Amino acid sequence: MSKGLFEIPGLSTKEQDLALLKKSKTRAKATATTKSSGGSIVNKINTLVAMVETHLGQFADETLIIQDEQTLHDYIDKCIANGIYGIDTETTGLDPLVDELVGVGIYTPGEKTTYIPVNHISYVTGQKVKNQLSADIIGKELARLEGIDCDMFNAVFDIRVLMHGTSTRLKCTWDASLASRCLNENEPVKKLKPLHKKYVLRGEDDVFSFSELFDNPKIFQKLPIRTAALYAAHDPKITWEYAEYQRNIFKTKENLKDVYWVFKNIEMLCVDAVVDLENTGVAFDLQYNEELKKKYHALLDEKEANFHKLCEMYSAEIEDYRVNPIPHTKKVKGKDVKYTITLDNPINIQSVPQLQALLYDIAKIPPTIDKKTKKESFSTSEEVLQKLKNPLADAILEYRSFSTLVSTFIDKLPECINKDDGRIHCKFNQYGADTGRFSSSDPNLQNIPSHNKDIRKMFVATPGYIMMSADYSQQEVKGMAQMCGDEGMIEAFRQGKDFYAEIASVAFGYPYEECLEFRPDGTTNPDGKARRAQAKSILLGINYGRGAASIAEQVGCTKKEAERIKDDVFRGFPAIAEFERQSFEMAETLGYVTTLWGRKRRFPSMLLPDYEFEYIESPDNLDPLDMDDVEQEVPEKVMQKYTNRLKNAWDAKKRAAIFADAKSEGIKIIDHTRDKDYTKIVNARIQGTAADMSKLAMIELNKNERLKELGFRMLIPIHDEILAECPEENAAEVIPLFAKIMSEAPGERFIVPISCDVEVTHRWYGKKYKLENGKLVEEKE
DNA sequence: CAGCTATGCGCC
DNA sequence: AAAGGGCGCATAGCTG
């Protein structure tokens, strides 16, 4: 059977198909317009029915379609008796608050797998088809599953869909998607079916795999129930099978004990918090947004006009360029490709190539030297443009400073408002980053500008509520001190000292007071400020894996000096150097590093040798007795020779020459040194430990009964900060409790003292309030 | 048309 | 020897 047979635009109801999200938005419109135009949807459905019947019809006997209350009740009984079930939902789209629940699949081992149609409609009449259980009954039955182990894949989505569709909130005990991240955050396969195929079926072909090609979520609802069931009832079953596979891995591998702890006690407990976060959303001030729109569009137009006015200085050259563009070459897949730049009229200020032509070809600005490649750079990045000190470059910078704000935030955010409650409900991917951090999307609420004071003010507290922002002060540095276990560093925090000043004091040999930015009388101390800044950038540099040159640039000193400063810090705090060394060693010997709580970040390439040597083909010196397909090993001496030469050659050209030498000797050298990225190792531990801590806080905040009673709800977690709100009248009790729970959440394992600042406002970055005798009072500036 | 990469930039 | 860690998203421009 050829794959081509299945390449029919069809349907997808799979929430985990994140890649389809963007598509579905535009395609939904396309479908809506073609729907009335006639036959295409009927054809599609007929084709799908036939396809599913042909390939999945054989599973009809193993599939139970539940359309009456008694059958559902009996099946739930079986789930309860078994103590475990897998569950999966089918919907009309990817937004649980907007899209509809179409059907539910449930599976419990030893029984048939099931499909419960909820909201199928006739593609002819558009009416709901008969013999579907009501949301009430399904909700009532699902509620009986409380306390039973539950497997899901992307639990947050299914829980929210079922809340919206049946008013019953399930508790997931095993999210196979999160388990997959814990077991291997580098896993490239993200979706359930391919994961099941890869690990449970071990790559064997799977008759269900064609369903990945279904790509229109709106069609599923219109399929005949039998067709939908044949397709959908498979999912809860493979969810359970894949979860079983994962449970077995966790059970049999001793070195996954800590990761299992993280999975069960951090990740799985976070699910509930994320469900609430996404359901809650955040209030948005549309009126204020309109004001900003006017203001910023006017500014943007002004900046663009200013740019074009400056371009007029070169109008003759620009005209000439349009007729005779200067040819350029660029590398495409390693090959040099010639191209010319076509200038729009007027020049498109948003086009990088057009700006390059304008600045470097037309205005003849000498290119800067790229620090990294040491070559001429025709970049139009902010960093480069600033150095040019050119009016055109400045005009572009001014335009850009507004264009991102306008397109990504001011214009985009209001489009994200949910029509029912007027709030923005983004998605939070709780294991979005490989380090364990959250990420946010659709829209991303973790990158709302903070430098610009206008944008965040569009986010407001619910009427009658106040907004609170609590942040862990110096979370990552404290994580570093904790991981280093250095008494001196920890003591600095215990005494409430300015940490970087203390580091500078010990490392550079000055009194603590001489390393502070301000003197006791409030005047600035330039020397103290510089020392503190140096210590700070060394510590941050260690966290970010920065080299001396990069630090030197930031501090404004020579590379030599930067190296000396780093040595001073390492000498003053040997624990830091030791932590770095141990982390590298851990990565090199185990292939992964761990956080304070045992989360892993794997770096498999660290286990490889720097170089591998093999003969390209039969070398002259082959032993004739050893000919039968046995790989001839390159002698140790030869390998040593090349390894030594490569050790002293970091220039790309020199290295290429060495590889060429080896090739002429019939030896192929595989270079793994490029895959070994030491810059990520320390950071993975620090950032990951901080992420663990923040998640523990979210768990505690979310489950705290008192906070619940007081109407406290989280809005946006931003790595080391949590934005939340509560009814104004409860502020006096909530605010200190908020800070207390945040500070205590990490528990005894984290011995560095933790403190949290809570800021109280009515809108994000708005006027601050403080508590005075249990009342909120506006803070004076 | 959708899908991809490159470039650039917002946040912690 | 040197190396800026972790995200998501907008736009341009090319490709199938």
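As the structure is a computational prediction, the values presented were derived from the model and not from experiment. To find a chain, count down the sequence lines: A is the first, B the second, and so on, and within it residues start at 1.
- Side-chain N/O atoms of A/T404 include none lying less than 4.0 angstrom from OP1 or OP2 on B/dG8.
- Checked against the 6.0 Å centroid criterion, the rings of A/F284 and A/F459 qualify as a close aromatic pair.
- By the neighbour-count criterion of 12 heavy atoms within 6.0 Å, atom NZ of A/K293 is densely surrounded, having more than that number from other residues, nucleotides or ligands.
- For A/Q354 and C/dG13, the shortest distance from a side-chain N or O to OP1 or OP2 is below 4.0 Å.
- To the nearest angstrom, P of B/dC11 lies 20 Å from CD1 of A/I722.
- Among the atoms of the strands shown, base atoms are found under 4.0 Å from some heavy atom of A/Q687.
- In the interface, the side chain of A/R437 is paired with the base of B/dC12 through a donor and an acceptor atom under 3.5 Å apart.
- Regarding A/I686, its CD1 atom lies at a distance of 11 Å from the C1' atom of C/dG5, rounded to whole Å.
- Distances shorter than 4.0 Å separate none of the side-chain N or O atoms of A/T408 from OP1 or OP2 on C/dG8.
- On a pure distance criterion of 3.5 Å, no polar donor-acceptor pair joins the side chain of A/N444 and the base of C/dG8.
- Contact check, A/S439 against C/dG8: a side-chain N or O comes under 4.0 Å of OP1 or OP2.
- Among the atoms of the strands shown, none is found under 4.0 Å from any heavy atom of A/N452.
- For C/dC9, neither phosphate oxygen OP1 nor OP2 lies less than 4.0 angstrom from any side-chain nitrogen or oxygen of A/K412.
- A/K647 has no carboxylate O lying under 4.0 Å from a charged side-chain N of A/D610, or vice versa, which leaves the two without a salt bridge.
- Because its NZ or CZ atom is both nearer than 6.0 Å to the ring centre of A/Y431 and within 45° of the ring axis, A/K695 counts as a cation-pi partner of that residue.
- Which of C/dG6, C/dT11, B/dT7 sits closest to the side chain of A/S407 comes down to C/dT11.
- Between A/S351 and the phosphate of C/dG13, there is a side-chain N or O to OP1/OP2 separation shorter than 4.0 Å.
- In this structure, A/S441 does not reach the C/dG8 phosphate: none of its side-chain N or O atoms is under 4.0 Å from OP1 or OP2.
- Each of A/T679 and A/T673 has a nearest nucleotide on DNA chain C; the 5'-most of these lies closest to A/T673.
- Seen from the ring of A/Y592, A/K600 counts as a face-on cation partner, given the 6.0 Å and 45° thresholds.
- An OP1 or OP2 oxygen of C/dA12 is reached within less than 4.0 angstrom by a side-chain nitrogen or oxygen of A/N348.
- Distance from the side chain of A/N683 is smallest to C/dG6 among B/dC11, C/dG6, C/dA12.
- Between B/dG8 and A/S379, a contact under 4.0 Å exists linking OP1 or OP2 to a side-chain N or O.
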